[in-house]
Amino acid sequence: MSNERYNVKETEAKWQQAWDEADCFAAAPPGDKPKYYVLEMFPYPSGRIHMGHVRNYTMGDVVARYKMARGFNVLHPMGWDAFGLPAENAAMERKIHPRDWTYENIATMRGQLKALGLSIDWSREIATCHPGYYAHQQTLFLDFLEAGLAYKKESLVNWDPVDQTVLANEQVIDGRGWRSGAVVEKRTLSQWFFKITAFADDLLERLETMERWPERVRLMQRNWIGRSSGAFITFELEGRDEKLEVYTTRPDTIFGMTFGALSPNHPLTASLAETDSELADFVALCNSEATNEEAIETAEKRGYDTGIRVRHPFIADKSVPLYVANFVLMDYGTGAIFGCPGHDQRDMDFARKYGLEVFPVVLPAEIDPAGYELGDEAYLGEGRIVNSGFLDELTVEDAKAKVIERFEADGIGRGAIQYRLRDWGVSRQRYWGCPIPVIHCEDCGIVPVPKADLPVLLPDDVSFDKPGNPLDHHPTWKQVDCPRCGKPARRDSDTMDTFVDSSWYFARFCSPRAERPVERADVDYWLPVDQYIGGIEHAILHLLYSRFYTRAMRRGDHLDLDEPFAGLFTQGMVCHETYRDEKGAWLYPEQVRKDAGGATTLEGGRPVTIGRSESMSKSKRNVIDPEAIIATYGADTARLFMLSDSPPDRDLEWTDAGVEGAYRFVNRVWRLVGDAAARCPSAQSFDSGLPSAFGESAMDLRRKAHKAIAAVTEDIDSFHFNRAVARLYELANAISAFEADGEGDLWALRETAETLLRLAAPMIPHVAEELWQSLGRDGLLVTQPWPEADSTLTIEESVTVAVQVNGKLRTTLSLPLDVEEAVAEQTALAHPAVQRVLEGRAPRRVIVVRNRIVNVVV
RNA sequence: GCGGGUGUGGCGGAACUGGUAGACGCGCCAGACUCAAAAUCUGGUUCCCGCAAGGGAGUGGGGGUUCAAGUCCCUCCACCCGCACCA
């Protein structure tokens with residue numbers, strides 16, 4: 001057998017070029033074939049691809065190539081999520097224009113992706129920063145505006161006073177701006193919102209039907225939408241004209257109310273604070289509190305007694321104090337609550353701290369309410385209502401219904417559904433994003449840019465010298481005449497959140513050069529995406545926003561679709577060990593030499609601490625550059641390793657040994673099939689007909705091949721790529737163990753070698769293509785149909801049956817398939833191993849499961 | 001706190017609706033080839049006892065159902081992830 005290795009670089013480049021020239025991966029127009037749209041989440045052009053991309057795109061590529069072989073018209077496009085903050089940071093740090101930085105990165109990364117040999121239809125490539133894309137996004141924005149799905153409102157934002165910009169919550173770290181370090185202020189700004197809440201119910205309900213989405217993601221979305229059912233109640237305030245509206249999910253506990261509480265940001269709080277400096281101080285204190293997880297966990301409940309009394313709606317003469325409390329959130333419900341300490345732990349903590357009244361109104365049936373005292377634990381369980389007038393003795397559920405009925409009759413409240421989901425704020429005070437196509441006119445107010453005037457292009461001549469939004473301090477860009485009255489007006493200088501860009505790109509891929517956002521015929525044909533693949537980190541925002549966009553675009557008649565992604569697969573991350581030197585500084589893997597005892601630095605031999613394996617990240621330096629791997633081992637090896645070692649939805653541990661293993665297999669296939677090619681009949685004589693009879697070992701090999709076809713097919717269909725790879729290894733082992741003797745055997749060898757190539761082609765397409773050619777085959781393997789398993793060959797003539805005595809394995813028997821149960825029983829009982837254990841005892845019972853097991857019970 | 005997931009050899013992981021636990025790979029051991037090494041090939045490799053034949057134990061711990069449990073039920077433990085003062 002040859003020891004030669006195949007020339008990875010030349011071979012891979014050759015076949016990539018061949019596929020390109022034959023235009024193999026261009027999606028065809030609608031025709032006879034069924035369609036299949038496979039999409040991986042498009043990358044942000046950060047500079048270079050990373051292993052996470054390699055894993056993601058390899059999985060998508062396996063699916064795309066497999067579906068192509070199965071006869072589908074496949075759409076497998078690629079694009080760039082190209083707007084975003086890093087481009088502006090690069091502009092500030094390196095004096096390079098965001099556009100140039102972005103397009104340079106795209107060029108680099110496109111080259112890297114092409115080197116992976118992905119079956120991408122590059123003619124459909126899009127970049128969201130290109131006017132050919134964002135122009136249409138502006139059209140959609142105007143449609144949303146017209147449909148009432150986009151609106152402007154004042155909202156509280158995180159304002160960085162140094163950088164003069166709004167920060168997302170994730171960009172505020174311990175109350176300070178992530179870049180400037182300045183203490184972040186809360187500011188009220190006028191911002192654009194998308195009315196995602198208009199679809200809250202549908203977004204929630206549809207989740208139930210999305211069976212090809214991971215349960216985990218559906219659950220996260222369900223929680224995020226956060227539907228709750230309860231009631232709004234309006235309370236009277238003693239001696240004041242205004243009323244207080246609260247939201248509660250426990251209207252049944254209304255008789256247990258012992259205080260009321262306002263959010264520090266409630267309008268009533270604000271008006272009271274105008275004349276109460278102590279309250280103003282309290283509010284300021286609350287707003288300065290950290291809102292991160294640990295802080296909330298440990299934060300003490302604090303309140304300020306306003307002196308106002310809230311009237312109980314059903315108990316004449318009863319009133320309770322009204323507090324401003326730090327734990328009441330302005331952005332849920334009405335920003336005010338009624339406190340029932342008996343049945344809400346937060347209310348309990350608060351009541352105990354401020355010495356407020358505490359008593360139960362729900363108790364388990366076995367407890368006598370007379371004189372019963374609650375401790376410091378609120379009772380949250382089921383039971384019957386007590387101490388509650390007309391609600392007494394009802395169940396919690398019945399009491400809710402009855403009290404809501406009463407509220408509605410009295411005109412002081414109503415049953416209501418509430419959502420945690422907020423409308424999506426999309427304004428960003430940034431340059432590198434899609435300009436919001438509206439004009440502000442002093443006389444006419446907000447005026448949409450006429451569609452004929454689109455796109456509103458980003459100006460190129462911007463300066464990043466000053467902090468703040470370059471669009472805002474551009475000398476002329478904002479100045480425009482009002483399209484309605486013609487008077488001088490100004491453009492909205494905000495740009496859209498980059499999540500907007502990624503919320504409809506999957507639809508644009510269907511007709512990437514259309515003069516409208518989408519062509520109806522194309523989206524009708526291609527959508528929904530049949531298989532979407534990406535990281536779990538987008539489980540909520542991106543996927544929810546895309547679902548919103550589908551609904552909003554449907555209103556504008558751009559498409560007619562319930563859900564954008566029929567199938568979703570969330571792949572695991574790529575992990576690597578971490579290394580630190582004696583000072584605790586992170587080290588790159590290539591700086592480390594590992595040996596038996598541990599590890600040292602390559603230069604200087606200093607001791608290295610090996611840390612646990614974590615998701616590859618630049619900050620921990622535990623990264624492997626895909627380009628280096630491809631240069632050394634080739635794309636096939638990188639792809640195979642991505643698929644072979646772990647189930648696709650779990651994290652994958654990158655190891656040098658694992659890569660070496662994949663490399664070995666690629667070379668092994670090359671030698672194995674190359675060898676077979678040298679010995680086997682020519683393609684022409686092979687195709688003229690198989691021999692009528694094969695020897696036993698040849699039949700055995702053929703059976704293995706057809707079982708492999710059935711197994712690999714099933715494994716790819718069910719996203720078990722690691723199992724599919726194991727099947728390929730088994731088949732390769734069978735080929736290499738096969739000793740061909742005579743012409744019939746050579747035919748079987750050739751047939752099996754071709755099968756191996758076809759099955760392996762979606763995973764290691766370059767070497768498969770090379771070997772296909774070496775077998776004397778014309779045309780490209782990529783255009784070949786998927787092999788069919790011959791059912792007469794996947795069935796064994798004999799089966800191995802386990803023989804147990806009292807459930808313990810004693811021996812195995814080789815029996816003819818589907819042999820009579822009595823025969824199996826007799827054969828098992830006669831076996832010496834069984835006889836020995838029985839020691840002459842007669843079996844009490846014998847259980848025979850056909851083709852599987854004989855269990856003798858004594 | 002609420003919700004979800006995972007736990008199988010030295011390691012990554014297989015195991016269909018309960019039916020031979022450990023496929024396949026990595027690592028390791030031995031052998032072939034070689035002056036030697038690498039590469040490659042062959043064989044072995046869950047643990048314990050045994051030269052062997054064979055026997056015993058074993059899927060995070062404990063208990064249960066069953067002829068039979070990694071798989072079903074109860075209970076406990078560990079780790080991971082998501083959400084979180086949502087009234």
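The sequence lines fix the lettering, A, B, ..., with proteins before strands; numbering per chain opens at 1.
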Does any donor atom in the side chain of [X] or [Y] lie under 3.5 Å from an acceptor atom in the other side chain?
{"X": "A/Asn851", "Y": "A/Asp818", "value": "yes"}
{"X": "A/Tyr419", "Y": "A/Ser228", "value": "no"}
{"X": "A/Asn326", "Y": "A/Tyr304", "value": "no"}
{"X": "A/Tyr379", "Y": "A/Glu377", "value": "no"}

Quick one: which of [options] gets closest to the side chain of [X]?
{"X": "A/Tyr729", "options": "B/G25, B/A23, B/C85", "answer": "B/G25"}
{"X": "A/Ile337", "options": "B/A87, B/A23, B/C86", "answer": "B/A87"}
{"X": "A/Ala657", "options": "B/U20, B/C26, B/G13", "answer": "B/C26"}
{"X": "A/Asn722", "options": "B/A14, B/U20, B/G12", "answer": "B/A14"}
{"X": "A/Asn733", "options": "B/A14, B/A87, B/G25", "answer": "B/G25"}
{"X": "A/Arg852", "options": "B/C85, B/C26, B/C16", "answer": "B/C16"}
{"X": "A/Leu809", "options": "B/U20, B/A87, B/C26", "answer": "B/U20"}
{"X": "A/Asn855", "options": "B/C83, B/C67, B/A87", "answer": "B/C67"}
{"X": "A/Tyr332", "options": "B/G12, B/U42, B/A87", "answer": "B/A87"}
{"X": "A/Arg671", "options": "B/A87, B/U20, B/C41", "answer": "B/C41"}

For [X] and [Y], take the angle between the two ring planes, folded into 0 to 90°, and tell me which bin it lands in: parallel under 30, tilted 30 to 60, perpendicular over 60.
{"X": "A/Trp654", "Y": "A/Phe641", "result": "perpendicular"}
{"X": "A/His538", "Y": "A/His542", "result": "perpendicular"}
{"X": "A/Tyr323", "Y": "A/Tyr354", "result": "tilted"}

- Item | Residue that, paired with A/Phe259, satisfies ring pair (Phe, Tyr, Trp, His ring centres under 6.0 Å) out of A/Phe235, A/Phe338, A/Phe350 |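 In the set A/Phe235, A/Phe338, A/Phe350, the residue that makes a ring pair (Phe, Tyr, Trp, His ring centres under 6.0 Å) with A/Phe259 is A/Phe350.
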Can you tell me if [X] touches the phosphate of [N], counting only side-chain N or O atoms and a distance under 4.0 Å to OP1 or OP2?
{"X": "A/Asn667", "N": "B/A39", "value": "no"}
{"X": "A/Arg668", "N": "B/C24", "value": "no"}
{"X": "A/Asn223", "N": "B/C86", "value": "no"}
{"X": "A/Arg346", "N": "B/C86", "value": "yes"}

Nearest whole Å is fine: how far is [N] [atom2] from [X] [atom1]?
{"X": "A/Arg850", "N": "B/C16", "atom1": "CZ", "atom2": "P", "answer": "23 Å"}
{"X": "A/Arg218", "N": "B/C83", "atom1": "CZ", "atom2": "C1'", "answer": "18 Å"}
{"X": "A/Arg250", "N": "B/C86", "atom1": "CZ", "atom2": "P", "answer": "14 Å"}
{"X": "A/Glu730", "N": "B/G22", "atom1": "CD", "atom2": "C1'", "answer": "13 Å"}
{"X": "A/Asp649", "N": "B/G13", "atom1": "CG", "atom2": "P", "answer": "11 Å"}
{"X": "A/Arg227", "N": "B/A87", "atom1": "CZ", "atom2": "P", "answer": "13 Å"}
{"X": "A/Asp645", "N": "B/C26", "atom1": "CG", "atom2": "C1'", "answer": "7 Å"}
{"X": "A/Glu245", "N": "B/A87", "atom1": "CD", "atom2": "C1'", "answer": "14 Å"}

- Message: A/Glu577 vs A/Lys620, test: salt bridge (Lys or Arg N to Asp or Glu O under 4.0 Å). Steps then yes/no.
- Response: CA-CA 10 Å; A/Glu577 291 184 320; A/Lys620 289 184 177 152; over 6 Å; no
Expressed as a whole number of Å, how far does the [atom1] atom of [N] sit from that of [M]?
{"N": "B/G60", "M": "B/A78", "atom1": "P", "answer": "16 Å"}
{"N": "B/G1", "M": "B/C76", "atom1": "P", "answer": "14 Å"}
{"N": "B/U46", "M": "B/U34", "atom1": "P", "answer": "32 Å"}
{"N": "B/G19", "M": "B/U66", "atom1": "C1'", "answer": "12 Å"}
{"N": "B/C26", "M": "B/G13", "atom1": "P", "answer": "16 Å"}
{"N": "B/G7", "M": "B/G58", "atom1": "C1'", "answer": "15 Å"}
{"N": "B/C48", "M": "B/U42", "atom1": "P", "answer": "28 Å"}
{"N": "B/A39", "M": "B/C51", "atom1": "P", "answer": "35 Å"}

Does any nucleotide pair with [N] by Watson-Crick or G-U wobble geometry, both distances under 3.5 Å, and what is it?
{"N": "B/A68", "result": "none"}
{"N": "B/C47", "result": "B/G56"}
{"N": "B/G3", "result": "B/C81"}
{"N": "B/A30", "result": "B/U42"}

- Which residues satisfy the side chain to side chain donor-acceptor pair (under 3.5 Å) test with A/Thr306, sequence neighbours excluded?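 A/Thr306 satisfies side chain to side chain donor-acceptor pair (under 3.5 Å) with no residue once adjacent residues are dropped.
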Show the distances under 3.5 angstrom between N or O atoms of the protein and N or O atoms of nucleotides 5-10 of chain B.
none

With a non-hydrogen cut-off below 4.0 angstrom, is [X] in contact with a base, only sugar-phosphate, or nothing?
{"X": "A/Ser644", "result": "nothing"}
{"X": "A/Val857", "result": "sugar-phosphate"}
{"X": "A/Val328", "result": "base"}
{"X": "A/Asp349", "result": "nothing"}
{"X": "A/Leu329", "result": "base"}
{"X": "A/Thr800", "result": "base"}

- Task: Please say which of A/Met51, A/Glu653, A/Met616, A/Glu614 ends up in a side chain to side chain contact (heavy atoms under 4.5 Å, CB included) with A/His576.
- Result: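 Testing each of A/Met51, A/Glu653, A/Met616, A/Glu614 against A/His576, the sole residue satisfying side chain to side chain contact (heavy atoms under 4.5 Å, CB included) is A/Met616.
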- Considering only heavy atoms from C-beta outward, does the side chain of A/Ser814 approach that of A/Val799 to under 4.5 Å?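 SC-SC contact between A/Ser814 and A/Val799 ruled out.
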Atom pairs, protein N/O to nucleotides 56-59 of chain B N/O, distance under 3.5 Å:
| residue | atom | partner | partner atom | Å |
| --- | --- | --- | --- | --- |
| B/G56 | OP2 | A/Arg810 | NH1 | 3.4 |
| B/A57 | OP2 | A/Lys808 | NZ | 2.8 |

- Decide whether a cation-pi geometry holds between A/Lys301 and A/Phe327; the criteria are a distance under 6.0 Å from NZ or CZ to the six-membered ring centre and an angle within 45° of the ring axis.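 The answer is yes; both the distance and angle limits are met.
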- Pick the nucleotide of RNA chain B nearest each of A/Arg420 and A/Glu215; which residue has the one closer to the 5' end?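 The residue mapped nearer the 5' terminus is A/Glu215.
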- Item | Assigned glycosidic conformation for B/G7 [threshold 90° from 0] |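 Anti for B/G7; the angle lies over 90° from 0.
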- To the nearest 0.5 Å, what is the distance between CZ (A/Arg302) and CG (A/Leu285)?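 The distance works out to 5.0 Å.
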